[in-house]
Amino acid sequence: VLKGHADELSYERIMELAKEFHTDFDIKGVIIKGGGEPLVKKNTVTSLINYLHMQDIRTGIVTNGILLDDELIEAIVARVSWIRISVDSTSPLVYSEMHGCKSSDFGILLNNISKLVKCRSSVPSSNLVIGVNFSIHDKFNYLEIEHIPEFSKRLGVDYCTLRYLHPQDSFPFEPERAKIQPLLDRV
């Protein structure tokens, strides 16, 4: 729910729901994600991660990675099962075009991923699986497809996913698929 929106869940309600999931429904796993960036609510996410970990509930996070800081990274490495970070590009220019942000944000993102990977390496008990996601768009980043596996490997992550974003009004998007499929075949 959008921050500041009338329907936004309060910290108290989020923690109530976490307790209900555990006690009433015996939930085994929770994915923290949102219709926006979940790490905007850093304190809530940190409390939720801690609570879920204490209840032995596996936790995953989907994030854009920009707001990862040292405190969050340490909590994630110690208590989260997996994290998937939206990278979407192998270049600062394309990243900024896709996300409507400054190209310097790409460097921040890569630095945060690097810190996360290093922190995990320094904690032998961590079982954190780190992945990156690339949403492929025929106007922005489709020419980067064949470089994504090597780029992901250099980041030191455990996996990468590619998700094709197709124009809503042209499903099954045959012209776009014809342009992109040869690149996918080489990966």
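Residue numbers start at 1 and run along the sequence shown. No hydrogens, no waters, no symmetry mates; every other heavy atom, side chains included, goes into these values. Keep in mind it's a predicted model, so treat the numbers as computed, not measured.
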Pair Phe151, Leu110 - check side-chain contact (heavy atoms from CB on, under 4.5 Å), show working.
CA-CA 11 Å; Phe151 181 80; Leu110 297 186; 3.9 Å; yes
One thing to verify: whether [Y] and [X] come together as a salt bridge, which I'm taking to mean a side-chain N less than 4.0 angstrom from a carboxylate O.
{"X": "Asp69", "Y": "Lys115", "answer": "no"}
{"X": "Glu20", "Y": "Arg13", "answer": "yes"}
{"X": "Arg84", "Y": "Asp158", "answer": "no"}

Between Phe106 and Cys101, is there a side-chain heavy-atom distance shorter than 4.5 Å?
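Side-chain contact under 4.5 Å: no.
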Trp82 vs Ile31 side-chain heavy atoms within contact, under 4.5 Å
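With C-beta onward as the side chain, the pair touches.
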So, [X] and [Y]: side-chain donor and acceptor under 3.5 Å apart, yes or no?
{"X": "Ser89", "Y": "Asn141", "value": "no"}
{"X": "Asp88", "Y": "His99", "value": "yes"}
{"X": "Glu71", "Y": "Thr46", "value": "no"}

Worked verdict on Asn133 versus Arg163 for side-chain hydrogen bond (donor to acceptor under 3.5 Å, both in side chains)
CA-CA 7 Å; Asn133 181 69; Arg163 187 178 72 145; 5.1 Å; no
Rounded to the nearest 0.5 Å, what separates atom CD1 in Ile76 from atom OG in Ser126?
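The distance works out to 10.5 Å.
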Nearest 0.5 Å, please: how far is NZ in Lys41 from OH in Tyr11?
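So the gap between those two atoms works out to 11.5 Å.
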